[in-house]
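These numbers were taken from a predicted model, which means no experiment stands behind them.
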Amino acid sequence: MTVLFFKEDMKRTLSYKITDEYDGMKTEYVLKTHRFSGSLIKELKKYPDGMLLNGEHIRTIDAVHAGDVLTVNIHDIDSENIEPHDIPLDVMYEDEDILIINKQPGVPTHPSMGHFTDTIANGVMYHYNKNGEHHLFRAVNRLDSDTSGVMCIAKNSYAHAVLGEDLHTDKLIRRYMAIVEGRIDSGDGMVNAPIARADFIKREVRADGQRAVTHYKPVEQFGNYTLVELQLETGRTHQIRVHMSHIGHPLLGDWLYGTEDKSLFPRHALHSSYLRLVHPVTGEIMEFIPPLAVDMKEFKNSPRH
């Protein structure tokens, strides 16, 4: 099936040229084979132009035939509870479906108590409004406030659903760079230790926790610190921080799982350094590699070590 796509104000339009393999199939089947979830199909039904066959309204139970054009219009609105504010964004890539940014450290992703207007979400809403676009804020790989680096934001519900399905598969690969305390001189390693909630904020390794696997390898040693590259096999809250602390190498500046002294480094030294994804619409394999965060680079090169 050939995918055609173009932009209209306030909605994302996707058109599919029906090929012989889908001849006589129901519309719902065609949509589900193209990764439209049941909830998204239900949402499409709310709009007269949600599903069109050759320009005419069609129901999910209606059949399509080879040569037809099935058009889907995905409507979107602003996140009403997120105020647009001019928070600087380092945009690495943007199209009609995804926004890729290099997130600065010290900025929360979502609004929360005490952070209603100074988050990535506020900046993204400002960015959308400035460009005359209307979207909900949908983070695909949410980063902690202190974590810097590459972050993916979906611009419509279809892109968000597809990338969400890909998140813990080999279709969407995330790697991180971290500075940890102590020297790791051996080769590649793996931490396979379940993680559970210790309290409202903190997590811990515990036998009754959820499966959590982190792969790591040392990149460079300097003084009593090691720059390591990490890749997640699972995505538990604080997973890298908990696992590295568990093996005796907490992240530099991690007051929650390491030392409480922030004078040496003001945040946990974690950087989202690599993102590879399959574009939810075009199917293109895309890679994004931001430079190491300035503060981590400066610490690594400091003569204090």
Colleague: Are M51 and I74 connected in a single hydrophobic cluster, I mean Ile/Leu/Val/Met/Phe/Trp/Tyr linked by side-chain heavy atoms less than 4.5 Å apart?
Modeller: yes
Colleague: About how many Å separate CG of L232 and NE2 of H215, when rounded to the nearest 0.5 Å?
Modeller: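 Reported to 0.5 Å precision, the distance equals 9.0 Å.
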Colleague: Using modelled atom types only, decide if a donor and an acceptor are shared between the side chain of K103 and the backbone of R142 within a distance under 3.5 Å.
Modeller: no
Colleague: Assigning hydrophobic clusters by single linkage (Ile, Leu, Val, Met, Phe, Trp, Tyr; side-chain heavy-atom cutoff under 4.5 Å), is V64 placed with L31?
Modeller: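 Yes, V64 connects to L31 through the hydrophobic network.
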Colleague: Residues two or more places apart in sequence or in another chain: which of them pass salt bridge (Lys or Arg N to Asp or Glu O under 4.0 Å) with K130?
Modeller: none
Colleague: Using a strict 4.0 Å threshold on nitrogen-to-oxygen distance, state whether D76 and K11 make a salt bridge.
Modeller: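 No, no charged N to carboxylate O under 4.0 Å.
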Colleague: Hey, do the aromatic rings of H34 and Y16 have their centres closer than 6.0 Å?
Modeller: yes
Colleague: Could you walk me through whether D62 and T27 satisfy the side chain to side chain donor-acceptor pair (under 3.5 Å) test, starting with their C-alpha distance in whole Å, then the side-chain angles of each, then the deciding distance to 0.1 Å, before giving a yes or no?
Modeller: CA-CA 6 Å; D62 293 332; T27 302; 6.0 Å; no
Colleague: Out of curiosity, I101 CD1 to L89 CG, how far, rounded to the nearest 0.5 Å?
Modeller: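 CG of L89 is found 5.5 Å from CD1 of I101.
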Colleague: Give me the atom names and distance for the closest heavy-atom approach of A196 to G209.
Modeller: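 Closest approach of A196 to G209: CB-CA, 3.7 Å.
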Colleague: Are F137 and Y128 close enough that their ring centers fall under 6.0 Å?
Modeller: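 Ring centres of Y128 and F137 not closer than 6.0 Å.
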Colleague: Do other residues, nucleotides or ligands put more than 12 heavy atoms under 6.0 Å from the CD atom of E287?
Modeller: yes
Colleague: How would you list, by chain and number, every residue that makes a salt bridge (Lys or Arg N to Asp or Glu O under 4.0 Å) with D23, sequence neighbours excluded?
Modeller: none
Colleague: When you measure from the side chain of T13 to the backbone N and O of N73, does any donor-acceptor pair fall under 3.5 Å?
Modeller: no
Colleague: Please give the remaining members of the hydrophobic cluster of V205, linking ILVMFWY side chains under 4.5 Å, ordered by chain and number.
Modeller: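 In the cluster with V205 are I195, F200, I201, V242, W255, L256, Y257.
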Colleague: Can you hop from I58 to L44 via hydrophobic side chains spaced under 4.5 Å?
Modeller: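 The answer is yes; both residues are in one hydrophobic cluster.
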Colleague: Which residues pass the salt bridge (Lys or Arg N to Asp or Glu O under 4.0 Å) test with D185, sequence neighbours left out?
Modeller: R183
Colleague: List the atom of A121, the atom of P111, and the distance in Å for their closest heavy-atom pair.
Modeller: CB-CD, 3.8 Å
Colleague: What is the distance from atom CE of M190 to atom CD1 of I247, rounded to the nearest 0.5 Å?
Modeller: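 Taking CE in M190 and CD1 in I247, the distance rounds to 11.5 Å.
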Colleague: Evaluate the criterion side chain to side chain donor-acceptor pair (under 3.5 Å) for residue pair T214 and E233; output intermediate values, then yes/no.
Modeller: CA-CA 6 Å; T214 303; E233 191 173 312; over 6 Å; no
Colleague: If only side-chain N and O atoms count, and only distance matters, is there a donor-acceptor pair under 3.5 Å linking H271 with S148?
Modeller: yes
Colleague: Can you confirm whether Y47 is buried at OH, in the sense that more than 12 heavy atoms of other residues, nucleotides or ligands lie under 6.0 Å from that atom?
Modeller: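 Yes.
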Colleague: Tell me every residue that passes salt bridge (Lys or Arg N to Asp or Glu O under 4.0 Å) with D146, counting only those two or more places apart in sequence or in another chain.
Modeller: none
Colleague: According to salt bridge (charged side-chain N to carboxylate O under 4.0 Å, His left out), does anything in residues 264-284 pair up with another residue at least two apart or in another chain? List the pairs.
Modeller: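 Residue pairs passing salt bridge (charged side-chain N to carboxylate O under 4.0 Å, His left out), neighbours aside: R267-D295.
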Colleague: Salt bridge (charged side-chain N to carboxylate O under 4.0 Å, His left out): which pairs involve residues 148-161, sequence neighbours left out?
Modeller: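 Matches after skipping sequence neighbours: E94-K155, E133-K155.
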Colleague: Taking all heavy atoms of A159 and all of P280, pick out the closest pair and write down the distance.
Modeller: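 Closest pair (atom of A159, atom of P280, distance): CB-CG, 3.8 Å.
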Colleague: Quick one about D118 and H115 (side-chain donor to acceptor, distance below 3.5 Å, no hydrogens or angles considered), yes or no?
Modeller: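 The criterion, which ignores hydrogens and geometry beyond distance, is satisfied for D118 and H115.
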Colleague: Hey, could you give me the CD1/CD1 distance between I120 and I87, rounded to the nearest 0.5 Å?
Modeller: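 With rounding to 0.5 Å, CD1 (I120) is 8.0 Å from CD1 (I87).
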Colleague: If you link ILVMFWY side chains whenever their heavy atoms are less than 4.5 Å apart, which other residues fall into the same cluster as L275? By chain and number, please.
Modeller: M92, Y93, I98, I100, V140, V150, L163, L167, L172, L277, M286, F288
Colleague: Looking at CE of M244 and NE2 of H268, how far apart are the two atoms once the value is rounded to the nearest 0.5 Å?
Modeller: 13.5 Å
Colleague: Under 3.5 Å, is there a donor-acceptor pair between the side chain of T234 and the main chain of V213?
Modeller: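 Answer holds: yes.
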Colleague: Applying side-chain contact (heavy atoms from CB on, under 4.5 Å), run through N156 and H160 and close with a yes or a no.
Modeller: CA-CA 6 Å; N156 57 67; H160 190 239; over 6 Å; no
Colleague: Considering non-hydrogen atoms only, spot the tightest contact between S272 and P290 and give its length.
Modeller: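 Distance-wise, the nearest heavy atoms are O-CG, 3.5 Å.
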Colleague: So does V30 get a backbone contact from the side chain of K26, meaning a donor-acceptor N/O pair under 3.5 Å?
Modeller: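 A pair under 3.5 Å: no.
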Colleague: Is N122 reaching over with its side chain to a backbone N or O of T119, donor-acceptor style, under 3.5 angstrom?
Modeller: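 Between the backbone of T119 and the side chain of N122 there is a qualifying donor-acceptor contact (under 3.5 Å).
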Colleague: With sequence neighbours excluded, give me every salt bridge (charged side-chain N to carboxylate O under 4.0 Å, His left out) pair touching residues 220-231.
Modeller: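 Qualifying pairs, neighbours excluded: K217-E229, E220-K300.
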Colleague: How is the hydrophobic cluster of I289 composed, in terms of its other members, when Ile, Leu, Val, Met, Phe, Trp and Tyr link through side-chain heavy atoms under 4.5 Å apart, directly or indirectly?
Modeller: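 Besides I289, the hydrophobic cluster comprises I173, Y274, listed by chain and residue number.
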Colleague: Say whether, by atom type as modelled, one donor and one acceptor occur between the side chain of H279 and the main chain of V281 under 3.5 angstrom.
Modeller: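 Yes, H279 side chain to V281 backbone: donor-acceptor pair under 3.5 Å.
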Colleague: Give me each pair satisfying side-chain hydrogen bond (donor to acceptor under 3.5 Å, both in side chains) with a member in residues 193-204, each pair once, sequence neighbours excluded.
Modeller: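 Sorted result for residues 193-204: E204-R206.
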Colleague: Over all heavy atoms of both residues, which pair between P291 and N102 is shortest? Give the atoms and the distance, please.
Modeller: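 Nearest heavy atoms, P291 then N102: CD-ND2, 4.3 Å.
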Colleague: So, Q239 side chain and R236 main chain: donor-acceptor pair closer than 3.5 Å or not?
Modeller: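 Yes, Q239 side chain to R236 backbone: donor-acceptor pair under 3.5 Å.
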Colleague: Within the distance-only criterion (no hydrogens, no angle test), does the side chain of H249 pair as donor or acceptor with the backbone N or O of E181 below 3.5 angstrom?
Modeller: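 Answer holds: yes.
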Colleague: For H127 and D86, run side-chain contact (heavy atoms from CB on, under 4.5 Å): C-alpha distance rounded to whole Å, both residues' side-chain angles, the deciding distance at 0.1 Å, then the answer.
Modeller: CA-CA 8 Å; H127 176 78; D86 190 6; over 6 Å; no
Colleague: Would you say L52 ends up clustered with M25 if hydrophobic residues are merged whenever their side chains have heavy atoms under 4.5 Å apart, either directly or through other cluster members?
Modeller: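 M25 and L52: separate clusters.
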Colleague: Taking it one step at a time, do S15 and T71 satisfy side chain to side chain donor-acceptor pair (under 3.5 Å)?
Modeller: CA-CA 4 Å; S15 292; T71 300; 3.1 Å; yes
Colleague: If hydrophobic clusters are built by linking Ile, Leu, Val, Met, Phe, Trp and Tyr wherever their side-chain heavy atoms come under 4.5 Å apart, do M151 and I240 end up in the same one?
Modeller: yes
Colleague: Just how far is it from atom CE of M125 to atom OG1 of T117, taken to the nearest 0.5 Å?
Modeller: 14.5 Å
Colleague: Give me the other members of the hydrophobic cluster that M113 sits in, counting Ile, Leu, Val, Met, Phe, Trp and Tyr linked by side-chain heavy atoms under 4.5 Å, directly or via other members.
Modeller: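 When side chains under 4.5 Å apart are linked, the cluster holding M113 also contains F116.
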Colleague: Can you tell me if H57 uses its side chain to pair, donor with acceptor, with the backbone of P48 under 3.5 Å?
Modeller: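 Confirmed, H57 side chain pairs with P48 backbone.
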Colleague: Using the rule given for side-chain contact (heavy atoms from CB on, under 4.5 Å), can you reason through H135 versus I153, listing the C-alpha separation, both sets of side-chain angles and the distance that settles it, and then say yes or no?
Modeller: CA-CA 11 Å; H135 308 288; I153 298 151; over 6 Å; no
Colleague: If you take all heavy atoms of A178 and L270, which pair is closest and at what distance?
Modeller: CB-CD1, 3.8 Å
Colleague: For the pair S79 (side chain) and I82 (backbone), establish whether a donor and an acceptor sit closer than 3.5 Å, ignoring hydrogens and angles.
Modeller: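 It does not hold such a pair.
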Colleague: Given Y158 and R35, is the side-chain contact (heavy atoms from CB on, under 4.5 Å) satisfied, shown in steps?
Modeller: CA-CA 8 Å; Y158 177 72; R35 306 184 73 180; 4.2 Å; yes
Colleague: Can you confirm whether T259 sits close enough to L264 that some side-chain heavy atom of one is under 4.5 Å from a side-chain heavy atom of the other?
Modeller: no
